[in-house]
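Quick caveat: nothing in here was measured; it's all calculated off a predicted structure. Below, chains carry the letters A, B, ... as their sequence lines are ordered, and counting in each starts from 1. Because only heavy atoms are used, hydrogens play no part in the values below, and waters and symmetry mates are left out as well, while side chains stay in.
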Number of protein chains: 2
Amino acid sequence: VLQAEKLSKQYHMGTVTVDALRGVDFHIEAGEFVAIMGPSGSGKSTLLHLLGGLDNPTSGDVLLDGRRYRGMSDDQLTLIRRRQIGFIFQFFNLLPTLTAAENVALPLVIDGKRPEPEHVSGLLALIGLGDRHDHKPHQLSGGQQQRVAIARALVTQPKIVLADEPTGNLDSQSGQAVLDLLRRACDDHDQTIIMVTHDHHAAATADRVVFLKDGSIVNTLDMNKT
Amino acid sequence: VLQAEKLSKQYHMGTVTVDALRGVDFHIEAGEFVAIMGPSGSGKSTLLHLLGGLDNPTSGDVLLDGRRYRGMSDDQLTLIRRRQIGFIFQFFNLLPTLTAAENVALPLVIDGKRPEPEHVSGLLALIGLGDRHDHKPHQLSGGQQQRVAIARALVTQPKIVLADEPTGNLDSQSGQAVLDLLRRACDDHDQTIIMVTHDHHAAATADRVVFLKDGSIVNTLDMNKT
Ligand SMILES: Nc1ncnc2c1ncn2[C@@H]1O[C@H](COP(=O)(O)OP(=O)(O)OP(=O)(O)O)[C@@H](O)[C@H]1O
Ligand SMILES: Nc1ncnc2c1ncn2[C@@H]1O[C@H](COP(=O)(O)OP(=O)(O)OP(=O)(O)O)[C@@H](O)[C@H]1O
Ligand SMILES: [Mg+2]
Ligand SMILES: [Mg+2]
């Protein structure tokens, strides 16, 4: 359902060039749960942003259901992201003026849908934030903000969920609740999950683990066969 | 060297009151390394901010070398923080317009000292950021930004280091480098470290682990005796 072909990304700073991604080939089927691990700075967030069409590669392509992002207009890409992809950012990107519930409901509102209050509160309750409904981000702990970002990405039940280190600020119990939620989205709703993580226990939830190092894929582990 | 007496913190939101900390008693000796663990939202960041004088308690006191923060002027508190405390924030608080090296050197500059370039680059190299010297925060990965925040807190070799989840965005290898650095600061330079963490492996580096739950200390583990 999602594919990267010889995906490369370079950042240019004056005379210095940073090769964040070097010709990455990657594919994921519908209903699959893949974890991406690797050292800090190895290109994981960069790969996730390119897969989500949030940034353009220097060379190579991303294909969603066989259609290349390259050549799509900004409007087309925006619509794809809105309708098919849920993104959990490494640092959340919550709107500071909205409450937890409003932040979670935002993707529905943006898509012109009317958010069902029970759906939003239900999702908040599922990740332990039932009593933080009306708190704004600055009135939430780090891990609570992270969970709002997670709920927001799941509220539209998107076909593809791109999660950048979703348990980085969570204790093992709230982290497990998040992993269970992602696993259920995959098993029960056939959603496709790509999760960047530093947590080996989190990676063990996935069907396959891909290892990135210095911008290249160096190893893949099939969790279902081990 | 640092002590909390019946420390309480309440947040008020209209008619709702959140008891973030409930009468916490805590003390740490010079040269000690204490980890604070607990569920997301249990009050860890709140406790750390009160210990660092970055916020005022609702009731109770914090004492540094026997002197209460209560009653100190803003200027006095600011001077204490600048001279004696290094703070690693859960979300870093880097200045976006400064490079990694400039962010790291900032506490020295603020204190009217001239930063020695080799001292700053040496510290960056120690945590694997030698080749990211001139990158601004938006040109760094999440874990790289976290490491800049760590180096910044250590650059003045402060008596007390307050670290809020310093390995949350790091893979096990760069995380270990950070823990080694903190352990060395404690063992070799008699610095006092208080580290909030969700990572059990990180907590194992400490001399003592304090467990927080719903704003109260519920357990303490002495790591040196086990
Ligand atoms: N300004 C505020 N107004 C209302 N409630 C707040 C405010 N700031 C924090 N809280 C609440 O206080 C509690 C403690 O927050 P704190 O940030 O100390 O938790 P924490 O233990 O650091 O959590 P985490 O592990 O998720 O970072 C949380 O339940 C949070 O919702
Ligand atoms: N705008 C930029 N300009 C220059 N270099 C950049 C820029 N953005 C990222 N980089 C570099 O690209 C590399 C990959 O960054 P990326 O954020 O993808 O890493 P990551 O694997 O997500 O790391 P982490 O685990 O620390 O979050 C890093 O070494 C970083 O310094
Ligand atoms: Mg990243
Ligand atoms: Mg916190």
Test: A/Asp74 and A/Arg81 ion pair at under 4.0 Å: no

Candidate pair B/Arg132 and B/His135, rule side chain to side chain contact (heavy atoms under 4.5 Å, CB included), full reasoning: CA-CA 5 Å; B/Arg132 292 290 180 268; B/His135 285 230; 3.5 Å; yes

Rounded distance [0.5 Å steps], CG in A/Leu2 versus CD1 in A/Ile160: 4.5 Å

Derivation of the side chain to side chain contact (heavy atoms under 4.5 Å, CB included) call for B/Asp187 and B/Phe33: CA-CA 9 Å; B/Asp187 297 336; B/Phe33 190 150; over 6 Å; no

Verdict with supporting geometry, A/Thr220 and A/Val209, side chain to side chain contact (heavy atoms under 4.5 Å, CB included): CA-CA 6 Å; A/Thr220 302; A/Val209 184; over 6 Å; no

Segment of B/Asp131 engaging chain A (4.5 angstrom heavy-atom cut-off): neither

Side chain to side chain contact (heavy atoms under 4.5 Å, CB included) between A/Glu32 and A/Ile194, worked out: CA-CA 8 Å; A/Glu32 239 198 312; A/Ile194 303 177; over 6 Å; no

Residues in residues 4-24 of chain B that sit under 4.5 Å from chain A, counting heavy atoms only: B/Met13, B/Val18

Sidechain N-carboxylate O distance under 4.0 Å for A/Arg183, A/Asp207: yes

Side-chain (A/Gln3) to main-chain (A/Val62) donor-acceptor, under 3.5 angstrom: no

Side-chain donor/acceptor of B/Tyr69 to backbone N/O of B/Leu51, under 3.5 Å: yes

Close side-chain approach of B/Arg152 to B/Phe89, heavy-atom, < 4.5 Å: yes

Option that, when pairs with chain B are counted at under 4.5 Å, heavy atom only, ranks first among A/Ser174, A/Gly168, A/Gly175: A/Gly168

Salt-bridge contact A/Arg70-A/Asp61 (side-chain N to carboxylate O under 4.0 Å): yes

Interface moiety of A/Phe92 toward chain B, non-hydrogen atoms closer than 4.5 Å: side chain

Charged N-O contact under 4.0 Å between A/Arg184 and A/Asp180: no

Partner of A/Val178 by side chain to side chain contact (heavy atoms under 4.5 Å, CB included), out of A/Leu154, A/Leu170, A/Thr205: A/Leu170

A/Asn103 (side chain) donor-acceptor with A/Leu95 (main chain) under 3.5 angstrom: yes

Interface moiety of A/Asp199 toward chain B, non-hydrogen atoms closer than 4.5 Å: neither

Part of A/His200 within contact of chain B (heavy atom distance under 4.5 Å): side chain

Approximate separation, where rounding is to 0.5 Å, of A/Leu182 CG and A/Ile150 CD1: 7.0 Å

Chain B interface, residue from A/Thr197, A/Asn169, A/Asp134 that has the most non-hydrogen pairs under 4.5 Å: A/Asn169

Per-residue contacts, residues 136-148 of chain B versus chain A, heavy atoms under 4.5 Å: B/Gln139, B/Ser141, B/Gly142, B/Gly143, B/Gln144, B/Gln145, B/Arg147

Just list the side-chain donor-acceptor pairs under 3.5 Å for residues 115-128 of chain A, sequence neighbours left out, or say none.
residue	atom	partner	partner atom	Å
A/His119	NE2	A/Val155	O	3.0
A/Ser121	OG	A/Pro117	O	2.5

Neighbours of chain B found in residues 37-49 of chain A - heavy atoms under 4.5 Å: A/Gly38, A/Pro39, A/Ser40, A/Gly41

